[in-house]
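Worksheet for the structure shown next.
It should be emphasised that the depicted structure is a prediction, and the values quoted were computed from it without experimental measurement.
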Amino acid sequence: MRLNLNLGPERYELFPAVKNEAGDIVTPAVAFTAEPALSDVVEAAKADPSMIEFADEIRDLIDGEASGAEIDRAAALRAKGKGGLLFARALARLVITEWEGIEDPDGSPAPVTPDRVDAFISLPPVYDRFTEVYVARWLNVQHEKNGSAPSQNGTTAGATNTARGARKSAKPARAKSTSRKR
C-alpha cells in the first residue's frame, strides 16, 4: 500500500471527450473533482438516512428467510444492487465538489447539488464508471489497511526481518583441485 500524504481533491474522468475527424470536441469529457473517501467519509456514507432505511428493508428480507419462508432470489439480487446504488449516491454527495460535462436541460453547466448528484449517479453508465473509477479505488485502500503489513514496494518491504544476519567474515570456499587423488 502506498501512503498518499497529499489528501486534497483529485480529478476523476468517467468518460473522455469525443472528437470528430477534424479533432474538434463534439462531446466534452465527463469528469468530477472529489475529496478522498477516507474512513470517516465512508462511515458517514454508511450512516446516510437512505442507507439506514435500506437496512430496515434488508432486515425484513432476512427475517422472512429466518422464519422459513422461501428465499426470493430476485428480491435478494435487487436488494444487493439497491444497496450499492444507495451507497454510491451517499458517497458521491459527500465527496464530489465540482464536475465537468454535466449540464442542466437548458444547456447551462449544472451546479453540484445533492439532488443533481443523485440523478447523475442514478444513470447506469455513470454508476458503473463511478464505482470502477472512484469507489473501487478507495474501497481497495480500506481493504488493504485491514490486515496488511505496510509495504511501500512489494509484499515484504514493510514486514519485520526475522532472520539473523550473516557473520561478518566467512571462510572462503576451497578451490577445486584439477588433479584427482586415487
Side-chain angles (χ1 to χ4, degrees), residues 1-62 72-146 148 152-153:
M1 171 194 272
R2 291 185 188 266
L3 185 60
N4 179 2
L5 296 178
N6 178 15
L7 295 177
E10 287 186 44
R11 183 180 183 275
Y12 298 86
E13 187 172 281
L14 297 180
F15 305 105
V18 176
K19 298 179 180 182
N20 63 16
E21 292 176 12
D24 301 322
I25 294 178
V26 177
T27 307
V30 175
F32 63 91
T33 301
E35 298 290 336
L38 301 174
S39 297
D40 56 341
V41 176
V42 170
E43 293 305 316
K46 290 178 188 176
D48 186 82
S50 66
M51 292 296 289
I52 293 169
E53 183 180 318
F54 178 65
D56 293 337
E57 189 179 318
I58 294 298
R59 190 175 308 109
D60 292 344
L61 272 174
I62 293 169
D72 182 354
R73 295 197 190 285
L77 284 172
R78 283 192 304 275
K80 182 178 179 183
K82 182 177 178 181
L85 177 60
L86 291 174
F87 177 74
R89 283 183 190 159
L91 187 61
R93 285 192 303 270
L94 292 170
V95 299
I96 294 178
T97 58
E98 299 175 6
W99 54 25
E100 308 162 26
I102 311 300
E103 299 175 343
D104 275 337
D106 65 0
S108 62
V112 178
T113 62
D115 59 326
R116 285 180 174 87
V117 169
D118 283 353
F120 178 63
I121 297 297
S122 294
L123 298 169
V126 172
Y127 168 72
D128 289 344
R129 289 294 295 156
F130 181 75
T131 56
E132 289 171 19
V133 171
Y134 183 81
V135 177
R137 172 187 175 191
W138 291 104
L139 288 180
N140 284 336
V141 169
Q142 294 287 324
H143 289 296
E144 279 185 14
K145 73 175 189 167
N146 293 333
S148 296
Q152 290 296 321
N153 291 309

* **4.5 Å side-chain heavy-atom contact, Ile96 and Phe130** =>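 Touching, per the 4.5 Å side-chain cut-off.
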* Are any non-hydrogen side-chain atoms of Pro125 and Leu14 less than 4.5 angstrom apart? -> no
Going by atom type alone, with no hydrogens or angles, which donor-acceptor pairs under 3.5 Å involve a side-chain atom of residues 22-37 and a protein atom two or more places apart or on another chain?
none

Point-to-point distance, once rounded to the nearest 0.5 Å, from [atom1] of [X] to [atom2] of [Y]:
X: Glu10; Y: Tyr134; atom1: CD; atom2: OH; result: 9.0 Å
X: Met51; Y: Arg89; atom1: CE; atom2: CZ; result: 11.5 Å
X: Glu100; Y: Glu98; atom1: CD; atom2: CD; result: 8.0 Å

* **Test log, rule side-chain contact (heavy atoms from CB on, under 4.5 Å), inputs Leu86 and Glu53** => CA-CA 10 Å; Leu86 291 174; Glu53 183 180 318; over 6 Å; no
Which pair of heavy atoms, one from [X] and one from [Y], lies closest together, and at what distance?
X: Ala47; Y: Ile52; result: O-CD1, 3.3 Å
X: Val112; Y: Thr97; result: CG2-O, 4.0 Å
X: Glu132; Y: Ala136; result: O-CB, 3.7 Å

* To do: Go through the steps to decide whether Ile121 and Leu85 satisfy the test side-chain contact (heavy atoms from CB on, under 4.5 Å), and finish with yes or no.
  => CA-CA 8 Å; Ile121 297 297; Leu85 177 60; 4.1 Å; yes
* For salt bridge (Lys or Arg N to Asp or Glu O under 4.0 Å), just list the numbers for Arg93 and Asp48, CA-CA rounded to whole Å, side-chain angles, deciding distance to a tenth of an Å, and then say yes or no. => CA-CA 10 Å; Arg93 285 192 303 270; Asp48 186 82; 2.9 Å; yes
* Output every pair passing ring pair (Phe, Tyr, Trp, His ring centres under 6.0 Å) with a member in residues 74-107, not counting sequence neighbours, ordered by first then second residue. =>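 Qualifying pairs, neighbours excluded: Trp99-Phe120.
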